[in-house]
Amino acid sequence: MYAVGFARPDRWSRGRPAEDACPWHAVEAHRPPVELDGEVELAVCGAVVQVWGSQKWERVGAGRTACPACRQITAGNRHLSRAG
Ligand SMILES: [Zn+2]
């Protein structure tokens with residue numbers, strides 16, 4: 001299960017416009033995303049994000065504003081399922 005995290009504004013830098021355009025990241029959630037709402041977590045790509053518990057990664061991850069690295073990692077998650 002993945003929660004949705006929003007890149008923290010204080011981590012943005014003007015030299016990285018890609019991050020401004022793709023502020024949504026996936027956060028591996030071991031609890032319901034709504035319980036993580038507002039918490040600062042590490043996204044699966046390593047970015048520091050703040051969880052938006054009301055968003056769903058299944059929906060946000062399909063959009064253009066989602067982090068490409070997170071999209072790739074979560075899309076490849078099927079390969080990891082046999083390990084668990
Ligand atoms: Zn990401």
Side-chain angles (χ1 to χ4, degrees):
M1 185 200 324
Y2 293 99
V4 176
F6 193 81
R8 282 166 55 83
D10 57 312
R11 299 285 296 207
W12 290 2
S13 73
R14 296 179 198 282
R16 300 179 64 182
E19 231 168 82
D20 286 349
C22 308
W24 299 103
H25 296 262
V27 177
E28 207 168 340
H30 302 287
R31 288 188 284 154
V34 70
E35 279 187 32
L36 299 170
D37 191 34
E39 291 189 18
V40 175
E41 300 278 353
L42 265 185
V44 295
C45 70
V48 176
V49 299
Q50 188 158 22
V51 174
W52 278 39
S54 59
Q55 298 282 356
K56 296 199 187 318
W57 178 250
E58 290 79 17
R59 191 171 66 80
V60 174
R64 289 163 186 246
T65 54
C67 164
C70 283
R71 288 171 65 167
Q72 196 166 28
I73 291 166
T74 58
N77 196 40
R78 292 181 201 93
H79 300 296
L80 299 174
S81 59
R82 59 200 166 116

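Order of listing sets the numbers, starting from 1, for every ligand and every atom in it.
Residues Val48 and Leu42 form a side-chain contact, since some pair of their non-hydrogen atoms from C-beta on lies under 4.5 Å apart. Residues Trp24 and Gln55 meet the side-chain proximity criterion, which asks for heavy atoms closer than 4.5 Å.
Judged purely by atom type and a 3.5 angstrom limit, Arg71 uses its side chain to pair as donor or acceptor with the backbone of Gly63.
The distance from atom NE2 of His25 to atom CD of Gln50, rounded to the nearest 0.5 Å, is 13.0 Å.
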field: Cys70/Tyr2 under side chain to side chain contact (heavy atoms under 4.5 Å, CB included): CA gap, chis, key distance, verdict
entry: CA-CA 10 Å; Cys70 283; Tyr2 293 99; over 6 Å; no
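Shown here are the protein N/O/S atoms lying under 2.8 Å from the Zn ion (ligand 1), water excluded: His25 ND1, Cys45 SG, Cys67 SG, Cys70 SG.
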Contacts table for residues 26-36: side-chain donor-acceptor under 3.5 angstrom, sequence neighbours left out:
| from | atom 1 | to | atom 2 | distance (Å) |
| --- | --- | --- | --- | --- |
| Arg31 | NH2 | Glu39 | OE2 | 3.4 |

